[in-house]
Every structure is written in C-alpha cells, then in structure tokens.
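This is a predicted model, so every value here is computed, not measured.
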Amino acid sequence: MNEKIISGKECSKQIKESLKNKIKDLDKRLKLVVIRVGNDEASKIYVNSKRKACNEVGIDFLEITFRDDVSEEVLIDKINELNNNDEVTSILVQLPLPNHLNSHKILNTIDYKKDVDGHTTINIGKLNNNEEAIIPCTAAGVIELLKFSNTTLESKNIVIIGRSNLVGKPLIPLLLKENATVSICHSKTANLSEYTKKADIIICAVGKVNLINKDMVKENAIIIDVGINRLDDCICGDVDFNDFNNKVSKITPVPGGVGVMTVTNLLINILKCYEFQKNE
Ligand code: NAD
C-alpha cells in the first residue's frame, strides 16, 4: 500500500459504516428522489451510482424521468409536490439540464431543507455566512479526504484551481473556516505556476489532462485531484498521478479518490436534510 495515496475508497468505507448505524436507528425511513431529464448517458451512470450508494446504507431511492422537451412549469410543479411530501427527505435534480430550462430557477424551487446538493441560494448563503448548511457534495468530499489523511489545514497555503459553483467556490469558505490561506485560480489567471509553486496543498478542479506538471509544484506538496477526464481507454484526473507520486507527500488517485467521496457525501447530506427538517 502506497502511504502517499489518500484513498477515497477507504475513507468512504468508514463513513458508510457509521452512516448505516445511524440510519437504522432513525424514527423514519430516509428517501432520496432524483429528477433526471433527457437521455444523457453520463447522467444515467451518475444516477445509478447514487441509487447503489443509497441501497448500501438503507436509504429509499426513487428516480423520476422526463423527456428532454419537458417544460419548466412541469418540473417546477413536480418539485413543489415533492417539497410538500413528508415521505421525501431529499430532492436532487441531475445536471446538466437541457438548454431551454433555467437551471438556477429550477434548483431554487427545491426547499433548502431538502436541497441535498446544496445548490439553492439559501444554502450557498448559509455556507458563506458560517451557518449550518447543506454543502455541495464534491467540496465536502475534498474536506473529508484532507481530514481523513490527517492533513493540517491551519496556516497552510492552499491553491484551488477552478472556480465553479459546485467545487471551487464552496471550498473557499470551507477552507477559510479551517484557518487556511486560500487562493483561487481559474482560466483567466495569469501565470498559474506562480501560485502553484507556493502552495502546500493544490486542489485541481478543471477537467484538463496534465493541467499542471511537476515543475509547477513544490517538494512535498499535497495534491487533491478533482478532475475527471474520460479518455478512450481510461479515466484520469488533471495531474499525472504516477509522475507526481515521487515529488508530493500525498495525492488522491483518479478513480478512487474524490469521486467516491462525492457520492458518499450525498448520503451524509440526506441525513443532514432529515435533521434540518426535524429541527424546524
Ligand atoms: P467547470 O467546467 O464548471 O469549471 C472548470 C473550471 O476550470 C472553471 O472555473 C475554469 O475557470 C477553470 N479552468 C479552465 N481552464 C483552466 C486553465 N487552463 N487553468 C486554470 N483554470 C482553468 O467544471 P466543474 O464542474 O467544476 O468540474 C471540474 C472538473 O472536476 C471536471 O473534470 C469534472 O468532471 C470534475 N468533477 C469531479 C467530481 C468528482 O466527484 N470527482 C465532481 C464534480 C466535478
């Protein structure tokens, strides 16, 4: 076993065991409802992995599908119906939605207490205000992995590459809360290596093979690779795992790193939704 590898599989196994025990003692069944629109193959794969994870820990799962010409009104009516259904703990709208639909409006129809992906403006505001919030699953997964690997975050220089609402942006308040010094880089950043060379921890969330190379990273840095790139014969991250292995002190693999944690954090968030609703 390579000591440098931060294994999402291992971390996720431990979290799922503890979740299973908590869930079986609850006073009601938890239920996730996923809304999927159209025939996007990747979306079908993602939804199936969510179904499998729910089955593993004893959470009920329902997928509702719509044709890709569904109207905004029909989707919003369905979400409102699910908001008002006490048997539904959490609602997830699988992204991306077809272009004719306003994703922002549709996601913000979800009751923030059932917003398992943390997409609503209320949850985003709460997260940035240091209040109890439902946190986007991938960003939460990155933090879980850093803690699982006993990485100290306080006073560390952390560079996030990628500023999406799902990954880069929610990581800012999460890392600031841990007293790290945070920089965020993106497609318009001039001279990326100036930032990465100073970083104790680099979190790469772009979706570009070999985005950074070994010369751009200081000795013993830690790399969290969020990127998922589908090549003809394999899936890989944004950094060349084998090449970096000798230089860094810790690194996440792709697959088997952050991706596994994203699904596991969905389960954590379903339980959080239940607690939000119970405490209201
Ligand atoms: P996105 O397309 O919304 O954002 C990509 C970001 O990368 C943007 O902020 C952009 O400014 C930045 N960027 C693009 N080119 C750059 C460059 N040359 N230098 C620096 N920054 C650059 O993507 P996303 O949804 O945040 O996903 C990013 C990657 O993470 C993708 O590969 C995606 O598949 C993967 N992802 C993985 C998981 C997981 O569970 N592991 C979850 C979500 C996303």
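- Checked against Tyr274 for a side-chain hydrogen bond (donor to acceptor under 3.5 Å, both in side chains), the options Asn269, Thr89, Asp27 give a single hit: Asp27.
- The side chain to side chain donor-acceptor pair (under 3.5 Å) test applied to Lys114 returns no partner, not counting sequence neighbours.
- Not counting sequence neighbours, the partners of Pro98 by the side chain to side chain contact (heavy atoms under 4.5 Å, CB included) test are Val37, Asp68, His100, Leu101.
- Within the structure, every pair that satisfies the salt bridge (charged side-chain N to carboxylate O under 4.0 Å, His left out) test and touches residues 71-84, not counting sequence neighbours, is listed here: Glu72-Lys105, Lys78-Glu81.
- Although no hydrogens or angles enter the test, the distance criterion places a donor-acceptor pair under 3.5 Å between the side chain of Asp225 and the main chain of Gly227.
- Pairing each heavy atom of Phe61 with each of Cys54, the nearest pair is CD1-SG, 3.9 Å.
- The environment of His186 atom NE2 is dense: over 12 non-hydrogen atoms of other residues, nucleotides or ligands sit within 6.0 angstrom.
- Expressed to the nearest 0.5 Å, how far CG of Leu30 lies from CD of Glu87 amounts to 12.5 Å.
- Separating the OG1 atom in Thr151 from the CG atom in Leu153 is a distance of 6.5 Å, to the nearest 0.5 Å.
- The NZ atom of Lys156 sits 6.0 Å away from atom CD1 of Ile201, with the distance rounded to the nearest 0.5 Å.
- Checked by atom type and distance alone, the side chain of Ser18 never pairs as donor or acceptor with a backbone atom of Gln14 at under 3.5 Å.
- Not counting sequence neighbours, the partners of Ile228 by the side chain to side chain contact (heavy atoms under 4.5 Å, CB included) test are Arg230, Ile235.
- Taking a cutoff of 4.0 Å between a charged side-chain nitrogen and a carboxylate oxygen, Glu275 and Lys272 do not qualify as a salt bridge.
- Between Met261 atom CE and Ile268 atom CD1 the span is 6.0 Å, to the nearest 0.5 Å.
- No side-chain heavy atom of Ile110 sits under 4.5 Å from any side-chain heavy atom of Leu92.
- Pairs of residues two or more places apart, or lying in two chains, that qualify as side-chain hydrogen bond (donor to acceptor under 3.5 Å, both in side chains) and include a residue from residues 231-241 are Asn229-Asp238.
- For the residue pair Lys198 and Lys218, the shortest heavy atom distance occurs at O-NZ, 3.9 Å.
- Scanning all heavy atoms of the two residues, the minimum distance from Val254 to Cys236 falls at CG1-C, 3.6 Å.
- Taking each heavy atom of Gly58 and Ile23 in turn, the nearest pair found is O-CG2, 4.0 Å.
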Sequence neighbours left out, cut at 3.5 Å: what donor-acceptor pairs do the side chains of residues 138-147 make with other protein atoms?
residue	atom	partner	partner atom	Å
Thr138	OG1	Thr262	OG1	3.1
Lys147	NZ	Glu178	OE2	3.0

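- Taking a 6.0 Å sphere around CZ of Phe244, one finds it holds more than 12 heavy atoms contributed by other residues, nucleotides or ligands.
- Using a 4.5 Å heavy-atom threshold, the side chains of Thr252 and Ile5 count as separate.
- Heavy atoms only, all atoms of each residue included: Val248 and Ala221 are closest at CB-O, 3.1 Å.
- Side chain of Asp115 to backbone of Asp111: no donor-acceptor contact under 3.5 angstrom is found.
- To the nearest 0.5 angstrom, Cys185 atom SG is 6.0 Å from Ile161 atom CD1.
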How far apart are the C-alpha atoms of Asp117 and Cys137, what are their side-chain angles, what is the distance that settles it, and do they pass the side-chain contact (heavy atoms from CB on, under 4.5 Å) test?
CA-CA 6 Å; Asp117 263 343; Cys137 301; 3.7 Å; yes
Tell me which donor-acceptor pairs under 3.5 Å the side chains of residues 164-177 have, and how far apart each pair is, sequence neighbours excluded?
residue	atom	partner	partner atom	Å
Ser164	OG	Val167	N	3.2
Asn165	OD1	Lys169	NZ	2.8

I would like to know whether Ile203 and Ile158 meet side-chain contact (heavy atoms from CB on, under 4.5 Å); could you show each step before the answer?
CA-CA 8 Å; Ile203 302 170; Ile158 304 188; 3.9 Å; yes
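- For residues 50-65, the set of pairs meeting the side-chain hydrogen bond (donor to acceptor under 3.5 Å, both in side chains) definition, not counting sequence neighbours, comprises Lys16-Glu56, Arg29-Asp60, Arg36-Glu63, Asn48-Arg51, Lys50-Gln94, Arg51-Glu63.
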Output, in order, the C-alpha distance, side-chain angles, deciding distance and verdict of side-chain contact (heavy atoms from CB on, under 4.5 Å) for Lys126 and Glu132.
CA-CA 7 Å; Lys126 281 177 175 286; Glu132 194 63 34; over 6 Å; no
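- Under a 3.5 Å cut-off, the side chain of Asn129 and the backbone N or O of Glu131 do not form any donor-acceptor pair.
- Remark: the backbone N or O of Glu10 is paired with a side-chain donor or acceptor of Ser7 at under 3.5 angstrom.
- Here Asn21 pairs with Lys24 under the side chain to side chain contact (heavy atoms under 4.5 Å, CB included) rule; sequence neighbours left out.
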Would Thr189 and Asn191 satisfy side-chain hydrogen bond (donor to acceptor under 3.5 Å, both in side chains), going step by step from the backbone distance to the final call?
CA-CA 6 Å; Thr189 298; Asn191 206 349; over 6 Å; no
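- Ile202 and Phe148 fall into different hydrophobic clusters, where Ile, Leu, Val, Met, Phe, Trp and Tyr residues are linked whenever their side-chain heavy atoms come under 4.5 Å apart, directly or through other members.
- Residues Ile223 and Val226 do not share a hydrophobic cluster, defined by chaining ILVMFWY side chains whose heavy atoms lie under 4.5 Å apart.
- Considering only heavy atoms from C-beta on, Leu75 comes within 4.5 Å of Phe66 through its side chain.
- The shortest distance between side-chain heavy atoms of Ile124 and Thr120 does not fall below 4.5 Å.
- Annotation: Lys9, atom NZ; neighbour count of heavy atoms from other residues, nucleotides and ligands within 6.0 Å does not exceed 12.
- Residues Val116 and Leu97 are members of separate hydrophobic clusters, defined by side-chain heavy-atom contacts under 4.5 angstrom among Ile, Leu, Val, Met, Phe, Trp and Tyr.
- Expressed to the nearest 0.5 Å, how far CG of Leu271 lies from CD1 of Ile59 amounts to 7.5 Å.
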Just list the side-chain donor-acceptor pairs under 3.5 Å for residues 207-216, sequence neighbours left out, or say none.
residue	atom	partner	partner atom	Å
Asn213	OD1	Asp215	N	3.0
Asn213	OD1	Met216	N	3.4
Lys214	NZ	Asp243	OD1	3.4

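- Residues Leu266 and Val258 fall within the same hydrophobic cluster, defined by Ile, Leu, Val, Met, Phe, Trp and Tyr side chains chained together at heavy-atom separations under 4.5 Å.
- In this structure Asn265 satisfies the side chain to side chain donor-acceptor pair (under 3.5 Å) test with no other residue, sequence neighbours excluded.
- Val33 and Val74 fall within the same hydrophobic cluster, where Ile, Leu, Val, Met, Phe, Trp and Tyr residues are linked whenever their side-chain heavy atoms come under 4.5 Å apart, directly or through other members.
- Remark: the backbone N or O of Ile134 is paired with a side-chain donor or acceptor of Asn123 at under 3.5 angstrom.
- Applying the salt bridge (charged side-chain N to carboxylate O under 4.0 Å, His left out) rule to Glu219 yields no partners; only residues at least two apart in sequence or on another chain are considered.
- The side-chain heavy atoms of Leu82 and Ile35, taken from C-beta on, include a pair separated by under 4.5 Å.
- A pairwise comparison of heavy atoms in Asn220 and Ser249 identifies O-OG, 3.0 Å as the closest pair.
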